[in-house]
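In this text, all values refer to a predicted model and were calculated from it rather than measured experimentally.
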Amino acid sequence: MGNTVTCCVSPNASPKLGRRAGSAELYCASDIYEAASGDAVAVAPAVVEPAELDFREGEGHHLQHISDREMPEDLALESNPSDHPRASTIFLSKSQTDVREKRKSNHLNHVSPGQLTKKYSSCSTIFLDDSTVSQPNLRTTVKCVTLAIYYHIKNRDANRSLDIFDERSHPLTREKVPEEYFKHDPEHKFIYRFVRTLFSAAQLTAECAIVTLVYLERLLTYAEIDICPTNWKRIVLGAILLASKVWDDQAVWNVDYCQILKDITVEDMNEMERHFLELLQFNINVPASVYAKYYFDLRSLADDNNLNFLFAPLSKERAQNLEAISRLCEDKDLCRAAMRRSFSADNFIGIQRSKAILS
């Protein structure tokens, strides 16, 4: 789903932000905490397990693909949703409590749904939005991701946390934050403002927002902690930092985030990144099936909360563009499949030769 994590030891801005520094939107003091600059970054090694071979008699030689080693369906359903496509996402299940209560309240109070604003396709006209699984709409995707984070905080099980993510121990601003701030859950619009500013300043993509949510849920599950008012900013920042490095071909460096958050040091960000990776057990892999599941569950979350995508009639030009994008994705998939087959065949031949030499 992306590249390995890169590192930097230069105090200068990364090439990505260096090219677009003039268009970056920085934080306002009233919106988000800011932090200070530095000049290092932590390295995130990617762990790759060797493929297993099955040489059982009568079944032929078969190089086992990683998907063949997935857990059985009954076990996958109880597993971490950020690892297995058949496990339900945590944010969607946490949001259902509020959705059911809202529907029940509307039914008991005889609240009318009002005028329908969503457009539906007919025999003569097809309405489509501009968001697809391969090219999501940035603004709507960020809104959906922050809404998922909001439900994580609101419907959390407890207040389990770690010191590295505690904003009271590691503040994002030099100004002292009142203790009262940590006693109330943040509103969705405040979470959205925080994430939107980071994505705008670092010029991150919508796909990066989805991967951010995957890493966030993986952290909460692996580390057995909760996202709450005292730690949500640092957890979200750590997930964004890691997702931008894994997803983007030219990642934003830690020192670049210090230009956005004026009062944080690069040493603090490096330490948080190291802890984040250790808690994830260096599992930064996001399978395509898991990514697609999170995308469609985010769309379901948007539909449940009346967060509608912008629909427009399907014109001939848009249809041609969609067809071209589909062909491009198919070509890329064919290339990846050919590379996997070539790699598997080369491995198999090499192993057979090694066995012949040893025998």
* To do: Check the pair Val145 / Leu216 against side-chain contact (heavy atoms from CB on, under 4.5 Å), numbers first and verdict last.
  => CA-CA 11 Å; Val145 169; Leu216 187 145; over 6 Å; no
* Could you tell me whether the side chain of Val236 reaches within less than 4.5 Å of the side chain of Ile191, counting heavy atoms only? => no
* To do: Determine, using the 4.5 Å side-chain heavy-atom cutoff (strictly less than), whether Leu280 and Ile90 are members of one ILVMFWY cluster.
  => no
* Asked: Heavy atoms, side chains only, cut-off 4.5 Å: are Phe194 and Ile149 in contact?
  -> no
* To do: Could you check Val195 against Thr212 for side-chain contact (heavy atoms from CB on, under 4.5 Å), going step by step and ending with a plain yes or no?
  => CA-CA 11 Å; Val195 176; Thr212 295; over 6 Å; no
* **Residues Asn137 and Thr140: side-chain donor-acceptor under 3.5 angstrom** => yes
* Asked: Rounded to the nearest 0.5 Å, what separation is found between the CG atom of Asn155 and the CD atom of Gln96?
  -> 10.5 Å
* Shortest non-hydrogen contact from Ala302 to Cys144? -> CB-SG, 3.6 Å
* To do: Could you tell me which residues satisfy salt bridge (Lys or Arg N to Asp or Glu O under 4.0 Å) with Lys94, sequence neighbours excluded, listed by chain and number?
  => Asp157
* Sort and list the pairs that fulfil salt bridge (charged side-chain N to carboxylate O under 4.0 Å, His left out) and have at least one residue in residues 132-154, not counting sequence neighbours. => Asp98-Lys154
* Asked: Going from CD1 on Ile227 to CG on Asn159, what distance comes out if it is rounded to the nearest 0.5 angstrom?
  -> 11.5 Å
* Asked: Looking only at side chains, do Asn305 and Tyr150 share a donor and an acceptor under 3.5 Å apart?
  -> no
* **pair Pro186-Ile153: side-chain heavy atoms closer than 4.5 Å** => yes
* Donor-acceptor pair, side chain of Tyr257 and main chain of Leu198, under 3.5 angstrom -> no
* Considering all heavy atoms, the nearest Cys258-Met269 contact -> SG-SD, 3.9 Å
* Counting only N and O atoms by type, is there a donor-acceptor contact under 3.5 Å from the side chain of Thr89 to the main-chain atoms of Phe91? -> no
* Structure fact -> Closest heavy-atom pair, Pro136 versus Tyr291, reported as atoms and distance to 0.1 Å, is CG-OH, 3.7 Å
* Asked: In the single-linkage hydrophobic clustering (I, L, V, M, F, W, Y; side-chain heavy atoms under 4.5 Å), do Tyr222 and Phe282 co-cluster?
  -> no
* Determine the interplanar angle of the Tyr181 and Phe190 rings, folded into 0 to 90°, and report it as parallel if under 30°, tilted if 30 to 60°, perpendicular if over 60°. => perpendicular
* Structure fact -> NZ (Lys233) and CG (Leu172) are apart, to the nearest 0.5 Å, by 6.5 Å
* Structure fact -> Residue set satisfying side chain to side chain contact (heavy atoms under 4.5 Å, CB included) with His170, at least two apart, ordered chain then number -> Asp163, Ile164, Arg234, Asp268
* Under 3.5 Å, side chain of Asp303 to main-chain N/O of Arg299, donor-acceptor pair present? -> no
* **Step-by-step side-chain contact (heavy atoms from CB on, under 4.5 Å) determination, Lys245 to Ile284** => CA-CA 10 Å; Lys245 291 185 176 182; Ile284 58 175; over 6 Å; no
* Which residues pass the side chain to side chain contact (heavy atoms under 4.5 Å, CB included) test with Glu179, sequence neighbours left out? -> Arg168, Phe182, Lys183
* Asked: Taking only residues two or more places apart in sequence or in another chain, which ones pass side chain to side chain contact (heavy atoms under 4.5 Å, CB included) with Leu138?
  -> Val142, Phe199, Ala206
* **CG-CZ distance between Leu301 and Phe296, expressed to the nearest 0.5 angstrom** => 15.0 Å
* Lys293 (side chain) donor-acceptor with His84 (main chain) under 3.5 angstrom -> yes
* Separation of Tyr215 OH from Phe276 CZ (nearest 0.5 Å) -> 9.0 Å
* Asked: Roughly how far, to the nearest 0.5 Å, is the CD atom of Glu167 from the CD1 atom of Ile235?
  -> 11.0 Å
* Determine which pairs satisfy salt bridge (charged side-chain N to carboxylate O under 4.0 Å, His left out) with at least one residue from residues 217-226, sequence neighbours left out, and list them in order. => Asp83-Arg218, Arg160-Asp226
* **Thr146 and Arg196: CA distance, side-chain angles, deciding distance, side-chain contact (heavy atoms from CB on, under 4.5 Å) verdict** => CA-CA 9 Å; Thr146 53; Arg196 181 199 63 190; over 6 Å; no
* Name all residues meeting the salt bridge (Lys or Arg N to Asp or Glu O under 4.0 Å) criterion together with Glu187; count only those two or more places apart in sequence or in a different chain, and write none if there are none. => Lys189
* **Backbone of Leu92 reached by a side-chain donor or acceptor of Tyr151 within 3.5 Å** => no
* To do: Group every Ile, Leu, Val, Met, Phe, Trp and Tyr by side-chain heavy-atom contacts under 4.5 Å, then state whether Ile210 and Val133 land in the same group.
  => yes
* To do: List for me each residue that meets side chain to side chain donor-acceptor pair (under 3.5 Å) alongside Ser161, sequence neighbours excluded, and say none if there are none.
  => Asn231
